[in-house]
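Worksheet: the structure to be examined is printed underneath.
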Amino acid sequence: MLMNRIEKAAVNSPARRALQRFYEVPALLRLAGGPLPEGGRAVEIGCGSGYGTRMILDRFQAAQVDALDLDPDMVAKAQHRLADRPDRVRLQVADATDLKAAFDAADATYDAAFDFAIIHHIPDWRASVAEIARVLKPGGMFIFDEVTAHALARPTYRRLFDHPEHDRFTAQDFLAELPHHGLAVTGAFTRIQGDYLLGAARKLDFGSE
Ligand SMILES: C[S@@+](CC[C@H](N)C(=O)[O-])C[C@H]1O[C@@H](n2cnc3c(N)ncnc32)[C@H](O)[C@@H]1O
C-alpha cells in the first residue's frame with residue numbers, strides 16, 4: 001500500500017532522516033554484527049527516496065544494491081539521489097513480494113536484505129518475509145526496522161496515515177514469523193512501548209545441518 005501525502009512528508013522530513021542516520025543505522029549495524037562482507041550484494045525493499053540506499057552503500061559498505069519501491073514518485077526521487085552511483089545501484093518500480101520480477105533474483109542471491117519501515121505497508125507481509133528469505137544466501141542477513149500494530153493503532157497514525165487494516169503484526173508476531181522462513185534472529189529490540197522494532201536475522205544454512 002502506497003504512502004499518502006502526509007506520510008510522504010513525514011518519512012522524508014529532516015527529523016526522520018536524523019533519526020535514521022544517527023540512531024537507527026548505528027543500532028542496526030550493531031545488531032547485524034557490522035558491515036557486509038567485501039563485495040557484498042544487498043537488496044532493499046521499499047527504498048522510498050533512496051536515503052536508506054545511501055546508508056547501505058556508505059555505512060553497511062555494500063558493493064551493489066538492488067532497490068525497489070512500488071511508488072514511481074519515490075523511485076524517481078531515489079534515482080535523483082543516487083545519480084552519482086549508477087554502477088553500484090539498480091532501481092526498479094516493483095512489488096517487494098516478487099523479487100524475481102523486479103531483478104530476476106534467483107534463490108540465494110544476496111548477502112543482505114534491508115527493510116527500512118516498509119513491511120507494515122504490505123497486506124500479505126508474510127509473503128514479503130518469505131521472498132526475502134528465498135533470495136538471501138545461507139549466512140546472509142535480514143536487517144529490519146519496522147512499525148508495529150501498536151504504533152499503527154495510535155491516534156496519530158490512524159488519523160494521518162493509510163495502512164493495511166488486517167493482519168497487522170506486533171513485534172512478537174514479526175519475530176515469531178522469521179524462523180518459519182529459515183531466519184534466525186541474532187538481535188532485536190523495541191522502542192516506545194513496542195511501537196518500533198529493530199533487528200537482524202541470519203539465513204540458516206540447511207545444507208550444512
Ligand atoms: C514508510 S515508507 C519507507 C520508505 C523508506 N524505506 C524510508 O525509510 O524512507 C514505505 C515505503 O514502502 C513502499 N511500499 C509499500 N508497499 C510496497 C510493496 N508492496 N512493494 C514495494 N514497496 C512498497 C512505499 O511506496 C513507501 O515508499
Side-chain angles (χ1 to χ4, degrees), residues 1-13 16-17 19-21 24-25 27-28 31-32 42-56 60 62 65-78 81-82 89-99 101-103 105 110 112-136 141-152 157 160-171 173-175 177-178 181 183 188 190-191 195-201:
M1 181 183 277
L2 299 188
M3 295 188 286
N4 66 21
R5 195 172 42 81
I6 302 172
E7 189 177 6
K8 278 188 190 181
V11 164
N12 292 305
S13 66
R16 154 102 167 99
R17 293 309 173 210
L19 182 72
Q20 195 173 10
R21 183 181 192 86
E24 294 173 352
V25 165
L28 291 169
L31 291 167
V43 63
E44 182 191 10
I45 59 170
C47 64
S49 68
Y51 190 86
T53 321
R54 284 197 89 93
M55 298 280 118
I56 296 167
F60 287 90
V65 185
D66 288 343
L68 65 88
D69 199 286
L70 203 53
D71 186 337
D73 290 350
M74 286 293 109
V75 172
K77 283 188 170 38
R81 190 191 294 282
L82 296 156
V89 180
R90 290 195 296 176
L91 286 160
Q92 288 286 352
V93 177
D95 193 315
T97 58
D98 189 354
L99 298 174
F103 296 110
Y110 297 104
F114 289 84
D115 155 26
F116 291 130
I118 173 236
I119 288 182
H120 67 286
H121 269 270
I122 301 180
D124 188 357
W125 62 273
R126 290 180 178 83
S128 64
V129 174
E131 185 62 345
I132 283 167
R134 181 186 74 77
V135 299
L136 275 176
M141 297 301 293
F142 174 35
I143 295 156
F144 50 90
D145 165 14
E146 265 307 329
V147 181
T148 73
H150 285 125
L152 300 181
Y157 272 87
L160 298 181
F161 307 145
D162 299 327
H163 291 98
E165 293 288 336
H166 302 291
D167 196 24
R168 292 175 171 178
F169 54 80
T170 62
D173 297 331
F174 193 85
L175 294 175
E177 182 66 15
L178 302 185
H181 306 279
L183 295 165
T190 61
R191 53 183 198 87
D195 281 14
Y196 304 99
L197 170 68
L198 285 84

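Side-chain atoms are counted along with the backbone in the values below, which use heavy atoms only and exclude waters and symmetry mates. Owing to the predicted nature of the structure, the values given are computational and were not obtained by experimental measurement. One-based numbering along the sequence shown.
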**OP:** Could you tell me the separation between the CG atom of Leu198 and the CD1 atom of Ile143, rounded to the nearest 0.5 Å?
**Re:** 11.0 Å

Subject >> Minimum side-chain heavy-atom gap Met55-Arg21 below 4.5 Å >> reply: yes

Subject >> Sole residue of Val11, Asn12, Asp73 in side chain to side chain contact (heavy atoms under 4.5 Å, CB included) with Ser49 >> reply: Asn12

Original post:
With a 4.5 Å heavy-atom cut-off, do His120 and Phe169 have their side chains touching?
Top reply: yes

**OP:** Mind checking the NE2-CG spacing from His166 to Asp124? Nearest 0.5 Å is all I need.
**Re:** 13.5 Å

**OP:** Show your reasoning for whether side chain to side chain contact (heavy atoms under 4.5 Å, CB included) applies to Val147 and His163.
**Re:** CA-CA 11 Å; Val147 181; His163 291 98; 6.0 Å; no

**OP:** Could you label the plane-to-plane angle of the Phe114 and Phe116 rings as parallel, tilted or perpendicular, counting under 30° as parallel and over 60° as perpendicular?
**Re:** tilted

**OP:** Give a yes or no answer on whether the side chain of Arg54 reaches the backbone of Gly50 with a donor-acceptor pair at less than 3.5 Å.
**Re:** no

Subject >> side chain to side chain contact (heavy atoms under 4.5 Å, CB included) between Arg81 and Cys47, intermediate numbers included >> reply: CA-CA 12 Å; Arg81 190 191 294 282; Cys47 64; over 6 Å; no

Original post:
Just by distance, do the side chain of Glu131 and the backbone of Leu99 share a donor-acceptor pair under 3.5 Å?
Top reply: yes

**OP:** For the residue pair Ile132 and Ile45, establish whether any side-chain heavy-atom pair is separated by less than 4.5 Å.
**Re:** yes

**OP:** For Leu28 and Asp145, run side chain to side chain contact (heavy atoms under 4.5 Å, CB included): C-alpha distance rounded to whole Å, both residues' side-chain angles, the deciding distance at 0.1 Å, then the answer.
**Re:** CA-CA 8 Å; Leu28 291 169; Asp145 165 14; 4.1 Å; yes

Subject >> Interatomic spacing from CG in Leu91 to CE in Met74 - rounded to 0.5 Å >> reply: 12.5 Å

**OP:** With rounding to the nearest 0.5 Å, note down the distance linking OG1 in Thr170 to CG in Leu197.
**Re:** 9.0 Å

**OP:** Heavy atoms only: give me the nearest Leu183-Ala133 pair and the separation to one decimal.
**Re:** CD1-CB, 4.0 Å

Subject >> Side-chain donor or acceptor of Thr190 paired with backbone N/O of Tyr196 under 3.5 Å >> reply: no

Original post:
When you look at NE2 of His150, are more than 12 heavy atoms from neighbouring residues, nucleotides or ligands closer to it than 6.0 Å?
Top reply: no

Subject >> Considering all heavy atoms, the nearest Met141-Ala200 contact >> reply: CE-CB, 3.8 Å

**OP:** Measure across Asp69 and Gly48 and return the closest heavy-atom pair with its distance rounded to 0.1 Å.
**Re:** OD2-N, 2.8 Å

Original post:
Phe144 and Phe174: aromatic ring centres closer than 6.0 Å?
Top reply: yes

Original post:
Can you name the nearest heavy-atom pair linking Ala102 to Leu68, along with the distance?
Top reply: CB-CD2, 3.9 Å

**OP:** Write down the atom of Ala101, the atom of Asp98, and the distance for their closest heavy-atom approach.
**Re:** N-OD1, 3.1 Å

**OP:** List for me each residue that meets salt bridge (charged side-chain N to carboxylate O under 4.0 Å, His left out) alongside Asp66, sequence neighbours excluded, and say none if there are none.
**Re:** Arg41, Arg90

Original post:
How long is the gap from OH on Tyr110 to CZ on Arg134, to the nearest 0.5 Å?
Top reply: 9.0 Å

Original post:
Looking at CG of Leu136 and NE2 of His181, how far apart are the two atoms once the value is rounded to the nearest 0.5 Å?
Top reply: 12.5 Å

Subject >> Non-hydrogen side-chain atoms of Leu2 and Leu70 separated by less than 4.5 Å >> reply: yes

Subject >> Distance-minimising heavy-atom pair for Leu19 and Arg191 >> reply: CD2-NH2, 3.3 Å

Original post:
When you measure from the side chain of Glu44 to the backbone N and O of Asp115, does any donor-acceptor pair fall under 3.5 Å?
Top reply: no

Original post:
Just wondering, do Val25 and Phe60 contact through their side chains at under 4.5 Å, heavy atoms?
Top reply: yes

Original post:
Can any side-chain N or O of Asn4 pair as donor or acceptor with the backbone N or O of Leu160 at less than 3.5 Å?
Top reply: yes

Subject >> Arg16/Glu7 salt bridge by N-O under 4.0 Å criterion >> reply: no

